[in-house]
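Model, not experiment: these values are computed from the prediction. The sequence lines fix the lettering, A, B, ..., with proteins before strands; numbering per chain opens at 1.
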Amino acid sequence: MNYWLIKSEPDEFSIDDLKNSPKRRTHWDGVRNYQARNFMRDDMRKGDGILYYHSNCETPGIVGIAEVASEAYPDHTAFDANDKHFDPKSDPDNPRWMMVDVRYKRKTRRLISLAELKQYDRELEGLALIRRGNRLSVMPVAKKHWDFILGLEEKKP
DNA sequence: GCCAACGTTGGC
DNA sequence: GCCAACGTTGGC
């Protein structure tokens with residue numbers, strides 16, 4: 001079992017939006033970065049744990065837990081000229097972009113902010129999220145980092 | 001809103 | 001294959 005962190009702008013699709021989705025799940029479309037795609041396509045497995053992260057908002061940070069609910073399959077929004085994430089170079093016969101389904105598990109007891117996570121740069125060394133200039137929207141999380149971050153949930157910020 | 005960091009594109 | 005130009009991400 002692997003662990004992941006996925007980013008979403010709460011104005012676009014928040015943890016509550018996921019929670020309120022039918023069957024509390026959705027397809028994670030719109031990823032248009034090769035490294036992120038490769039993680040989804042090659043390494044994500046059903047049941048993997050996901051830290052749900054809110055980006056580009058007042059206090060960016062981890063707000064919930066989700067899980068991978070499917071293997072990767074073609075991201076059909078890349079073929080839709082009316083879609084925001086349309087990619088004319090993605091051929092339906094040879095799709096360039098993939099996605100997985102994501103299922104809501106729960107919210108974290110509190111928001112674990114990026115600023116707080118950065119204070120533990122020693123414990124979280126190697127976590128892509130806190131590396132400078134990081135822009136990946138799908139990234140792996142080592143089990144020891146997963147455990148450490150969830151341990152923070154019980155602490156005062 | 002600013003801007004640093006990064007990924008992608010395309011001319012050469 | 002190099003690299004300048006450009007577009008995007010995302011913290012602040």
Query raised in the report: What are the two closest non-hydrogen atoms of I62(A) and T108(A), and how far apart are they?
Result: O-OG1, 3.7 Å
Query raised in the report: Using 4.0 Å as the upper bound for N to carboxylate O, is an ion pair formed by E116(A) and K155(A)?
Result: no
Query raised in the report: So, R32(A) and T77(A): side-chain donor and acceptor under 3.5 Å apart, yes or no?
Result: yes
Query raised in the report: Between which nucleotides of DNA chain C, 5' to 3', does chain A make heavy-atom contacts below 4.0 Å?
Result: dG7(C) to dC12(C)
Query raised in the report: Applying the ring-ring contact (aromatic ring centres under 6.0 Å, His included) test to W97(A), which of Y34(A), F86(A), F79(A) qualifies?
Result: Y34(A)
Query raised in the report: Is the backbone N or O of K23(A) less than 3.5 Å from a side-chain atom of R103(A), with the two atoms forming a donor-acceptor pair by type?
Result: no
**Report entry** Contacts of type ring pair (Phe, Tyr, Trp, His ring centres under 6.0 Å), residue H76(A), not counting sequence neighbours
**Finding:** H27(A)
Query raised in the report: After noting the C-alpha distance and the side-chain angles of Y73(A) and D101(A), does the key distance pass the side-chain hydrogen bond (donor to acceptor under 3.5 Å, both in side chains) rule?
Result: CA-CA 9 Å; Y73(A) 59 99; D101(A) 287 353; 2.5 Å; yes
Report task. Under 4.0 Å from any atom of DNA chain C, heavy atoms only: list the residues of residues 74-89 of chain A that qualify, in numerical order. Result -> none
Report task. Applying ring-ring contact (aromatic ring centres under 6.0 Å, His included) between F39(A) and each of W4(A), Y3(A), W28(A), report the one that passes. Result -> W4(A)
Query - Contact nearer the 5' end of DNA chain B, comparing Q35(A) with N56(A) - result: N56(A)
